[in-house]
Student: 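Structure incoming, see below.
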Amino acid sequence: MVILPPVKPGRITKVLKPYVLKMHFSNKYVSAQVIHEPTATIASAASSQEKALRSNMQSTGDSAAAAKIGKILGERLLVRDIPAVSVSLKREQRYHGKVKAVVDSLVATGVKLV
């Protein structure tokens, strides 16, 4: 008689927090994307490198550009019926400056943080 080991359930965070916001900042550009963790696909993204956005911005790498990217990403998320995201920060990222601008404008558009 063979006793099989119990099947481990999937990670609970993949069920509760499937959409993760990841941001990248360079000296010239700001980009943010929301990733669907269980399938490892990009649900929505926004960047200051997009041609339609570059013409409207004075600078593509400052906090004002980060706030605009957060607003655009929030609108795109609501169109795709994604009401909530969780934020994944890199080790060197702190919640101030450009990171705060993206997250605050994302919340201002109506997307909730989990």
Side-chain angles (χ1 to χ4, degrees):
M1 182 169 154
V2 177
I3 299 175
L4 297 174
V7 177
K8 293 183 181 179
R11 293 189 63 189
I12 191 85
T13 56
K14 289 192 177 186
V15 176
L16 295 178
K17 301 178 184 180
Y19 294 101
V20 178
L21 170 68
K22 294 192 178 186
M23 298 167 276
H24 177 73
F25 305 103
S26 68
N27 290 335
K28 284 182 133 182
Y29 300 109
V30 176
S31 64
Q33 60 187 5
V34 174
I35 300 172
H36 186 246
E37 284 287 321
T39 59
T41 58
I42 297 175
S44 184
S47 175
S48 60
Q49 292 179 341
E50 297 175 15
K51 285 187 179 182
L53 300 178
R54 273 190 284 172
S55 62
N56 298 336
M57 294 184 193
Q58 293 178 350
S59 175
T60 57
D62 60 351
S63 294
K68 191 162 192 160
I69 293 300
K71 180 182 175 189
I72 291 169
L73 184 63
E75 292 169 355
R76 290 179 183 175
L77 287 173
L78 292 177
V79 167
R80 294 187 63 134
D81 292 329
I82 300 173
V85 297
S86 62
V87 180
S88 172
L89 298 177
K90 297 178 185 174
R91 174 182 262 175
E92 67 272 2
Q93 288 180 337
R94 303 286 183 252
Y95 185 75
H96 69 90
K98 295 177 189 177
V99 174
K100 186 175 190 296
V102 170
V103 174
D104 287 349
S105 60
L106 194 69
V107 170
T109 58
V111 178
K112 296 179 182 175
L113 296 180
V114 182

Student: Would a hydrophobic clustering, with Ile, Leu, Val, Met, Phe, Trp and Tyr connected at side-chain separations under 4.5 Å, put L73 with M23?
Tutor: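 Both belong to a single hydrophobic cluster.
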
Student: Grouping I, L, V, M, F, W and Y whenever their side-chain heavy atoms are under 4.5 Å apart, do V103 and F25 come out in a common cluster?
Tutor: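 Yes, one cluster joins them.
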
Student: Do the side chains of V99 and V34 join up, straight or via other hydrophobic residues, at under 4.5 Å, putting them in one cluster?
Tutor: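 Shared cluster, yes.
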
Student: Keeping K98 on the side-chain end and G61 on the backbone end, is there a donor-acceptor pair under 3.5 Å?
Tutor: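 Here the side-chain-to-backbone pair exists.
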
Student: Might you point out which heavy atoms bring L106 and V85 nearest each other, and give the distance in Å?
Tutor: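 The answer is CD2-CG2, 3.9 Å.
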
Student: So which atom in L21 and which in A32 form the shortest heavy-atom distance, rounded to 0.1 Å?
Tutor: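 Closest approach of L21 to A32: CD1-CB, 4.1 Å.
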
Student: Is there side-chain contact between K90 and H24, with heavy atoms separated by less than 4.5 Å?
Tutor: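 They are in side-chain contact.
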
Student: Do S105 side-chain atoms and K68 backbone N/O form a donor-acceptor pair below 3.5 Å?
Tutor: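 Looks like no, no N/O pair under 3.5 Å.
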
Student: Going by heavy atoms in the side chains, are R76 and I82 under 4.5 Å from each other?
Tutor: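 Of all side-chain heavy-atom pairs linking I82 with R76, none is under 4.5 Å.
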
Student: Just by distance, do the side chain of R80 and the backbone of S44 share a donor-acceptor pair under 3.5 Å?
Tutor: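 No; zero donor-acceptor contacts below 3.5 Å.
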
Student: Heavy atoms, side chains only, cut-off 4.5 Å: are D62 and M57 in contact?
Tutor: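 Not touching, per the 4.5 Å side-chain cut-off.
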
Student: Which heavy atom of S47 sits nearest to which heavy atom of L53, and what is that distance?
Tutor: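 Nearest heavy atoms, S47 then L53: O-CD1, 3.2 Å.
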
Student: Taking C-beta and beyond as the side chain, do I69 and S31 meet within less than 4.5 Å on heavy atoms?
Tutor: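 The answer is no; the side chains never approach within 4.5 Å.
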
Student: Same cluster for Y95 and V20 if Ile/Leu/Val/Met/Phe/Trp/Tyr side chains link at under 4.5 Å?
Tutor: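 Per the 4.5 Å side-chain linkage, Y95 and V20 are not co-clustered.
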
Student: Of all the heavy-atom pairs spanning Q33 and I42, show the shortest one and how long it is.
Tutor: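 Smallest heavy-atom distance, with atoms named: OE1-CD1, 3.3 Å.
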
Student: For the atom pair NZ (K28) and OG (S59), what is the distance rounded to the nearest 0.5 Å?
Tutor: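 One gets 10.5 Å once the value is rounded to the nearest 0.5 Å.
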
Student: Between V111 and L78, is there a side-chain heavy-atom distance shorter than 4.5 Å?
Tutor: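 Side chain of L78 against side chain of V111, heavy atoms only: contact under 4.5 Å found.
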
Student: Looking only at non-hydrogen atoms, find the nearest pair between K71 and T109 and report the distance.
Tutor: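 It is O-CG2, 3.7 Å.
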
Student: Can you check whether L89 reaches R94 side chain to side chain, under 4.5 Å on heavy atoms?
Tutor: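 A side-chain contact under 4.5 Å is absent here.
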
Student: Does some side-chain heavy atom of V114 sit less than 4.5 Å from a side-chain heavy atom of Y19?
Tutor: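 A side-chain contact under 4.5 Å is absent here.
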
Student: Would a distance-only check, ignoring hydrogens and angles, find a side-chain to backbone donor-acceptor pair under 3.5 Å from S88 to K22?
Tutor: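 Checking the backbone N and O of K22 against the side chain of S88, no donor-acceptor pair under 3.5 Å is found.
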
Student: Between atom OH of Y29 and atom CD of E50, what is the distance when rounded to the nearest 0.5 Å?
Tutor: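 The OH atom of Y29 sits 12.0 Å away from the CD atom of E50.
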
Student: Any side-chain heavy-atom pair from P18 and E37 closer than 4.5 angstrom?
Tutor: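 No, side chains not in contact.
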
Student: Quick one: does any side-chain atom of E75 pair with a main-chain N or O of I72 as donor and acceptor, under 3.5 Å?
Tutor: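 Not confirmed, E75 side chain does not pair with I72 backbone.
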
